[in-house]
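The structure appears below as structure tokens.
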Amino acid sequence: MTLLPGLRAYRSGDRDALADICVRTADNGGDSRHLYPDPELMPSIFAAPYAHLEPDLAFVIDDGTGRAVGYILGTADTPRFVTEFRRRWLPLVADRYPRPEAAPSSPSDEMIALLHNPERMVLPELAAHPAHLHIDLLPDWQRKGYGRELMRAFLAALEAKGVKGVHLCMLTANTRARAFYDRLGFAETEVPDPGPVTYLVRSTAPDL
């Protein structure tokens with residue numbers, strides 16, 4: 001039976017679809033397969049651990065046939081998430097992606113180094129916005145209001161948990177994503193040595 005496309009809660013059967021969405025949007029919003037040949041690498045950092053550790057904060061856009069074509073994932077408490085990432089998630093993927101012993105020599109090496117350094121996510125400047133998120137939609141499902149719908153559901157779930165602020169980290173070069181976040185009320189915040197990324201924050205107030 002085919003239903004109308006729309007928002008629903010994440011289900012364990014969505015794991016492969018989430019990985020595919022992550023891979024196809026991980027290069028500055030575009031397909032990343034030319035950069036990261038292993039299709040599990042980027043999802044193992046930016047998608048799967050969130051669905052595994054905090055599935056109650058995972059929402060998807062269903063295309064009407066049961067297939068997820070977009071998602072929002074995150075955590076209500078970044079310091080706690082980092083602890084759980086190291087304790088419960090890294091042991092599941094460390095055999096496939098061992099900790100690098102040399103300086104990164106490829107994009108994949110750089111990502112594996114990030115995988116083994118979850119503590120990078122904890123910054124004092126973000127303490128008032130302890131939650132963080134990742135949101136991605138396949139290209140054909142963008143600019144149709146689904147991103148706003150995902151964000152609204154995520155913020156409502158955070159507010160129900162008593163969380164007052166959320167942040168995200170994005171590649172500064174991704175101007176389309178920045179325009180989207182600006183429309184949703186996110187504002188830039190300064191952190192030391194941000195490199196190629198920008199940090200954005202907003203309250204969880206349901207005003208979208």
Side-chain angles (χ1 to χ4, degrees), residues 1-76 107 111 131-160 166-187 197-202 204 206-208:
M1 179 178 179
T2 300
L3 303 174
L4 292 175
L7 177 84
R8 64 169 170 81
Y10 166 80
R11 301 191 290 246
S12 60
D14 295 322
R15 184 187 184 282
D16 289 346
L18 263 59
D20 180 59
I21 296 163
C22 182
V23 167
R24 291 169 63 186
T25 57
D27 179 20
N28 207 20
D31 198 311
S32 68
R33 284 174 286 190
H34 64 294
L35 290 175
Y36 312 109
D38 185 336
E40 289 295 321
L41 176 56
M42 297 303 276
S44 292
I45 304 170
F46 299 112
Y50 295 90
H52 181 72
L53 296 172
E54 296 194 47
D56 60 324
L57 287 176
F59 301 92
V60 305
I61 296 299
D62 190 309
D63 70 353
T65 71
R67 182 176 70 105
V69 292
Y71 62 70
I72 192 165
L73 310 159
T75 177
M111 289 299 115
H132 77 259
L133 66 90
H134 297 279
I135 181 171
D136 291 295
L137 285 151
L138 293 177
D140 288 348
W141 294 84
Q142 297 174 12
R143 297 180 176 273
K144 296 181 178 180
Y146 293 121
R148 184 179 291 268
E149 193 171 354
L150 286 167
M151 191 70 73
R152 186 181 294 118
F154 185 79
L155 294 177
L158 288 179
E159 190 179 45
V166 60
H167 72 269
L168 61 88
C169 174
M170 58 161 289
L171 284 172
T172 304
N174 193 343
T175 55
R176 285 185 61 186
R178 178 59 189 271
F180 167 72
Y181 296 130
D182 287 347
R183 290 195 296 272
L184 296 187
F186 282 84
V197 300
T198 297
Y199 286 86
L200 305 176
V201 300
R202 66 155 287 163
T204 60
D207 54 0
L208 296 183

Has the side chain of [X] got a donor or acceptor atom that lies under 3.5 Å from a matching backbone atom of [Y]?
{"X": "Asp63", "Y": "Pro5", "answer": "no"}
{"X": "Glu149", "Y": "Gly6", "answer": "no"}
{"X": "Arg8", "Y": "Asp62", "answer": "no"}

Tell me the closest heavy-atom pair linking [X] and [Y], and the distance in Å.
{"X": "Asp14", "Y": "Ala68", "result": "OD1-CB, 4.3 Å"}
{"X": "Ala26", "Y": "Met42", "result": "CB-CE, 3.9 Å"}
{"X": "Thr75", "Y": "Leu158", "result": "O-CD2, 4.2 Å"}
{"X": "Leu137", "Y": "Gly147", "result": "CD1-N, 3.5 Å"}

Is there a side-chain contact between [X] and [Y] (heavy atoms, below 4.5 Å)?
{"X": "Arg67", "Y": "Leu138", "answer": "yes"}
{"X": "Phe154", "Y": "Leu57", "answer": "yes"}
{"X": "Leu18", "Y": "Pro43", "answer": "no"}
{"X": "Met151", "Y": "Leu133", "answer": "yes"}
{"X": "Tyr36", "Y": "Asp27", "answer": "no"}

What pairs with Tyr50 under ring-ring contact (aromatic ring centres under 6.0 Å, His included), at least two apart in sequence or on another chain?
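Scan of Tyr50 (ring-ring contact (aromatic ring centres under 6.0 Å, His included), adjacent residues dropped) gives Phe81, His132, His134.
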
Point to revise | Steps toward side chain to side chain contact (heavy atoms under 4.5 Å, CB included) verdict (Leu155, Arg202) | key: CA-CA 10 Å; Leu155 294 177; Arg202 66 155 287 163; 3.7 Å; yes

### Query
How would you list, by chain and number, every residue that makes a salt bridge (charged side-chain N to carboxylate O under 4.0 Å, His left out) with Arg15, sequence neighbours excluded?
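Listed in chain order: Glu40.
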
- [ ] Taking salt bridge (charged side-chain N to carboxylate O under 4.0 Å, His left out) as the test, write out the residues that go with Asp20, two or more places apart.
- [x]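 Counting only residues at least two positions away or on another chain, Asp20 forms a salt bridge (charged side-chain N to carboxylate O under 4.0 Å, His left out) with Arg24.
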
- Given side chain to side chain contact (heavy atoms under 4.5 Å, CB included), test Arg11 with Val60 step by step and report yes or no. CA-CA 9 Å; Arg11 301 191 290 246; Val60 305; over 6 Å; no

Are there over 12 heavy-atom neighbours, none belonging to Arg143, within less than 6.0 Å of that residue's CZ?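 Count not over threshold, so no.
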
Assess the residue pair Tyr71 and Asp136 against the criterion (side chain to side chain contact (heavy atoms under 4.5 Å, CB included)); give the C-alpha distance rounded to whole Å, side-chain angles, the decisive distance to 0.1 Å, and a yes or no. CA-CA 6 Å; Tyr71 62 70; Asp136 291 295; 2.9 Å; yes

Practice prompt. Check step by step if side chain to side chain contact (heavy atoms under 4.5 Å, CB included) holds for Phe180 and Ile135.
Written response: CA-CA 11 Å; Phe180 167 72; Ile135 181 171; 4.3 Å; yes

